[in-house]
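First the structure, in the form of structure tokens, and then the observations on it.
Order of the sequence lines fixes the chain letters, A, B, ..., with proteins taken first and strands second; residue numbering starts at 1 for each chain.
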Amino acid sequence: MPEKVYTRLVGDRDDRTDRIVEPNTNKAPAAQPPHPSKWGVKRKRHEKEDRALRVEETRTSTGTKPKDGTLAGNSAALPSLQRDVTSSSRERLRRNGRATIPDGQAPKRGSLKEKSLSLLSSRKALPIWVYADEIRKQLRGSKDVLLVVGETGSGKSTQVPQFLLDEPWCGGCIAVTQPRRVAAVSLARRVAEEMGTPLGSSSPASKVGYSIRFDTSVSPSTRIKFITEGMLLQEMLRDPTLPQYSAVIVDEVHERSVNVDLILGFLRNIVSKRQAVRGSRSLKVVVMSATADVQGLMEYFDDHPDAAAVGTEAQDHGSSWSGLPASGRSAGQNGEGKSDHLHERLSVCYVKGRQFPVKLHYLSEPTQDFVEEALKRVFQIHYKEPLPGDILVFLTGQDTVEALEALVNEYALGIEADVPKLVTLPLFAALPQAAQQKVFERCPPNSRKVILATNIAETSVTVPGVRFVVDCGKVKLKQFRNRLGLDSLLVKPISQSSAIQRQGRAGRDAPGQCFRLFTEDDYRNLQKRTNPEILRCDLSDALLKIKARGVQNVLEFPFLDKPPRESLENALLQLYHLGALNDDGSISDVGVRISRLPLSPTLGRVILEASSEDKDCLVEIIDIVACLSVENIFLSLATEEKKEEAESARRELMKREGDHLTLLATVQSYSSEQTDRKQWSARHFVSHRAMQNVMDVRKQLRKQCEQLGLCDTGIMLRQSEASEERSAAILRCLLAGFASNTARLLPDGSFKTLLGNQTVAIHPSSVLFGKKVEAIVFSEFVYTNRSYARNVSSVKLSWVDDVLASSS
DNA sequence: GAGCACTGC
């Protein structure tokens with residue numbers, strides 16, 4: 001069906017020449033030059049990666065990143081921070097952010113100043129401190145961009161913004177981006193303490209604030225604002241040139257989230273066009289990274305059109321200031337530099353971190369069973385190495401964590417009385433909060449903790465007291481497959497940078513050891529870096545954001561790593577089918593409105609459909625969409641007994657139409673509970689934390705829908721009676737966003753997608769599991785061992801036909 | 001009759 005549209009949008013399907021063609025009204029897609037010639041070298045690399053990806057599918061990646069980044073160099077002084085790192089609840093974040101201001105009372109100025117003075121000596125001890133003058137000097141001249149490469153504990157996140165604050169060019173605000181919300185809040189709190197100023201909105205004189213979803217805390221005097229990447233992108237949507245900022249510091253760039261890639265692209269455009277767009281006022285950009293692909297970043301920022309050919313730099317600044325990495329950086333950090341290239345607009349600063357040495361051990365032979373191997377290693381360490389020193393084991397998922405937990409506990413029963421005890425602690429994101437907290441608690445005397453963790457311990461959570469790391473060398477990661485248009489979740493080998501990051505977790509408190517459950521040869525054969533997320537995800541959201549910020553031709557967007565052509569094509573087509581793009585490829589009114597919503601384009605489209613006159617079910621759809629945009633609200637249960645109990649407790653919520661109306665019934669029931677929602681959640685085996693998030697999202701979406709003019713003020717108070725017609729309208733809204741996620745029943749009882757004719761199975765977690773209905777729509781499609789549809793609803797085949805007919 | 005790593009607006 002969309003063959004004709006496809007051809008118009010992106011060229012002939014069989015025409016695999018080297019080009020990407022934007023949606024265009026021209027009948028024949030013109031062969032557009034993909035990008036200026038200077039991108040030639042980079043493009044080759046992407047093509048290679050693209051091919052490798054499609055052909056072998058064995059390479060891997062995930063956001064790799066050294067350090068928790070939350071308070072480099074100071075985390076030991078802030079034990080409470082560690083706990084907050086695992087929390088996602090807003091209340092906790094709030095408390096965290098306001099820890100210095102008890103109960104909202106205005107703090108005494110003197111006490112703040114005293115505290116600030118007492119912190120000064122520890123600040124001066126940070127490795128970054130001696131670079132303060134140099135950093136200022138570099139940005140004072142014609143340099144607009146500074147790269148800071150700082151290893152763990154260098155103090156760059158807290159100190160660099162303070163170094164710049166009183167510079168003559170810095171009249172406005174400094175934004176410091178963070179990938180995680182907790183980091184933004186805790187860094188803001190720390191910097192406010194160091195500066196002796198109240199935090200955020202607590203006082204009009206406050207100089208340090210933060211901005212995260214659901215919680216922005218700034219004052220009229222805010223000069224330093226810690227902000228999540230997503231929030232800065234939202235600000236850029238309103239004000240593409242960021243006029244209120246004198247500087248943007250982009251932290252944790254090595255993690256290479258999609259958001260950070262977009263931010264870097266927009267900043268690069270602003271910097272190179274700054275005269276024209278911002279008048280005489282310049283915008284300084286500081287890019288901070290732990291393990292930098294410095295070469296790529298330098299070329300990226302140095303490559304802008306008006307950069308002068310040659311500059312003088314670095315000659316008198318010593319070895320830390322140049323295009324060449326200073327000696328003594330850790331192995332494996334991609335140290336190749338381009339020494340003969342001098343930069344006009346750009347300088348680089350290398351700062352050594354504080355990390356204890358970690359001794360490496362490899363297997364002599366590869367293992368088939370890393371759980372078994374990890375078990376051996378844990379007991380070997382436990383018997384051989386004296387206390388203190390906890391063990392952190394990196395595994396792939398909940399299944400392997402629980403398997404090893406059972407094994408360790410079983411063998412631990414046989415530990416002799418005169419040997420210390422072992423305390424096993426699982427750690428993964430789906431684990432309830434209280435259980436996660438246990439890894440931060442002190443364990444009984446004469447015992448050793450064994451933390452069995454997923455990738456969550458690689459960046460998001462820093463476990464104190466670890467001196468031994470056992471690394472299985474694998475990671476479970478999501479990969480978007482363009483051919484099939486679906487996500488797969490597969491276990492893959494980690495990258496070298498990821499292995500180094502895991503190893504570093506043993507050297508935070510004292511010298512440590514890392515046991516890699518693979519051979520040294522295996523290590524050498526690992527990919528150097530993890531593929532950045534932008535190369536392995538669905539790009540429709542990113543491309544819509546780019547278009548919404550006024551970049552008409554997405555090929556003009558300076559991607560640090562250019563995504564494969566197939567991904568770009570796919571995303572453009574998807575946006576077109578959603579109605580977010582016009583026939584000429586420009587963003588449509590629908591697209592503009594979708595881009596304003598904090599949702600994926602598909603969910604945004606469902607919202608818009610629900611606001612239309614004939615559907616008119618926005619209230620209900622918002623509840624459903626809110627559920628789909630947070631973690632699973634239904635607790636997964638371990639035992640058969642619990643499962644049966646949960647099934648009967650949830651019976652009143654289950655709807656025969658499917659999972660979406662079940663979610664709606666759950667939200668409606670939860671929100672009508674006025675006395676004790678926590679207890680209600682426990683009774684129905686529903687995650688209270690997830691439901692709190694649902695209510696936050698619901699509130700935000702309601703407000704934004706009003707602002708977008710999708711509904712009248714107060715309409716949300718109206719609760720319509722459930723009815724057949726109502727249910728039908730709701731399901732038809734879902735079809736508007738998920739037309740491609742539809743399947744019909746075959747005589748043999750299996751389902752085949754209407755587009756693509758692929759077999760899908762209803763996931764066993766669905767209320768429709770095992771049911772036979774003529775057609776289904778699903779909001780999630782995941783390939784693990786087979787293709788599964790999750791969050792499934794029953795629809796009429798005729799509705800699907802209507803939607804498919806109208807969109808092609 | 002399966003089993004999902006991790007962020008974020």
Side-chain angles (χ1 to χ4, degrees), chain A residues 60-65 69 85-86 88 177-184 211-216 227-238 252 255-260 262-263 394-403 427-431 453-461 472 474-479 487-492 494 498 530 533 536-537 541-542 544-545 548 594-601 603-604 625-626 629-632 636-638 640 643 693 696-697 700-701 704 761-766 769-770 780-791:
Chain A
T60 161
S61 36
T62 179
T64 131
K65 44 308 240 48
V85 167
T86 60
S88 65
T177 72
Q178 289 295 318
R180 281 170 290 279
R181 306 171 56 192
V182 268
S211 182
I212 64 176
R213 189 181 188 183
F214 306 129
D215 191 7
T216 291
I227 181 168
T228 48
E229 293 161 356
M231 285 297 281
L232 187 69
L233 281 171
Q234 287 295 121
E235 288 191 5
M236 284 178 164
L237 193 57
R238 290 190 296 272
E252 311 284 355
E255 296 196 17
R256 292 296 306 277
S257 63
V258 171
N259 281 343
V260 103
L262 295 182
I263 286 173
F394 281 100
L395 298 161
T396 53
Q398 186 175 344
D399 50 346
T400 50
V401 165
E402 285 170 351
L427 180 64
F428 46 88
L431 199 67
T454 63
N455 233 20
I456 193 174
E458 203 176 295
T459 47
S460 304
V461 178
C472 75
K474 300 277 198 285
V475 67
K476 196 176 281 189
L477 72 91
K478 209 176 208 170
Q479 172 91 48
D487 273 326
S488 53
L489 200 55
L490 301 169
V491 175
K492 305 259 192 133
I494 57 173
S498 194
T530 303
E533 191 186 2
R536 47 188 180 84
C537 73
D541 197 25
L544 187 64
K545 282 189 173 127
I594 291 176
S595 75
R596 299 267 168 167
L597 293 167
L599 297 168
S600 67
L603 289 177
V625 165
S629 65
V630 307
E631 71 264 32
N632 195 355
S636 53
L637 300 149
E640 265 325 300
K643 273 181 202 167
N693 291 336
D696 280 340
V697 175
Q700 186 186 33
L701 290 177
Q704 288 176 337
I762 295 177
H763 196 273
S765 64
S766 169
F769 178 72
E780 202 181 340
F781 193 17
V782 175
Y783 179 86
T784 51
N785 292 320
R786 55 195 292 204
S787 293
Y788 283 106
R790 292 182 75 231
N791 288 324

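Heavy atoms of A:Gln398 sit under 4.0 angstrom from primed sugar atoms or phosphate atoms, though from no base atom. Base engagement by A:Leu599 is indicated by at least one non-hydrogen atom pair under 4.0 Å involving a base atom. Within the 4.0 angstrom heavy-atom criterion, only backbone atoms of the sugar-phosphate kind lie near A:Thr228; the bases stay farther away. Within 4.0 Å (heavy atoms only), A:Glu780 reaches at least one base atom of the nucleic acid.
Taking 4.5 Å as the limit, some side-chain heavy atom of A:Asp399 sits within range of a side-chain heavy atom of A:Lys476. When side chains are defined from C-beta on, A:Gln700 does not count as touching A:Asp696, because their heavy atoms never get closer than 4.5 Å.
When only modelled atom types and interatomic distance are considered, A:Thr459 and A:Glu255 share no side-chain donor-acceptor pair under 3.5 Å.
For A:Pro764, counting side-chain heavy atoms from C-beta on, the closest listed nucleotide (B:dG8, B:dC6, B:dA2) is B:dA2. Of the candidate nucleotides B:dC9, B:dC4, B:dG1, B:dG1 has the atom lying nearest to any side-chain atom of A:Phe769. The side chain of A:Ile212 lies closest to B:dC9, out of B:dC9, B:dC4, B:dA5. Comparing B:dC6, B:dT7, B:dC4 against the side chain of A:Arg180 picks out B:dT7 as the nearest. When distances are taken from the side chain of A:Arg213 to each of B:dG3, B:dC9, B:dG1, the shortest belongs to B:dC9.
Between the C1' atom of B:dC6 and the CG atom of A:Asn693 lies a distance of 15 Å, rounded to the nearest Å. Going from atom CD1 of A:Ile263 over to atom P of B:dC9 covers 11 Å, rounded to whole Å. Distance, A:Phe428 CZ to B:dG3 C1': 11 Å, rounded to whole Å. Summarising the geometry, the separation between CZ on A:Phe214 and P on B:dC9 is reported as 7 Å, rounded to the nearest angstrom. Distance A:Gln479 CD to B:dC4 C1': 16 Å, rounded to the nearest Å. When the C1' atom of B:dC4 is taken as reference, atom CG of A:Asn455 falls 13 Å away, rounded to whole Å. Here the P atom of nucleotide B:dC4 and the CZ atom of A:Phe781 are 15 Å apart, to the nearest Å. Across the protein-nucleic acid pair, A:Glu402 atom CD and B:dA5 atom C1' stand 14 Å apart, rounded to whole Å.
Between A:Ser629 and A:Asp399, the residue whose closest nucleotide on DNA chain B is further toward the 5' end is A:Asp399. Nucleotides of DNA chain B nearest to A:Thr396 and A:Ser211 differ in position, and the one nearer the 5' end is that of A:Thr396.
Within the structure, a side-chain polar atom (N or O) of A:Lys476 is placed less than 4.0 Å from OP1 or OP2 of B:dC4.
Partners of A:Thr177 by side chain to side chain donor-acceptor pair (under 3.5 Å), not counting sequence neighbours: none found. Here A:Ser600 pairs with A:Thr602 under the side chain to side chain donor-acceptor pair (under 3.5 Å) rule; sequence neighbours left out.
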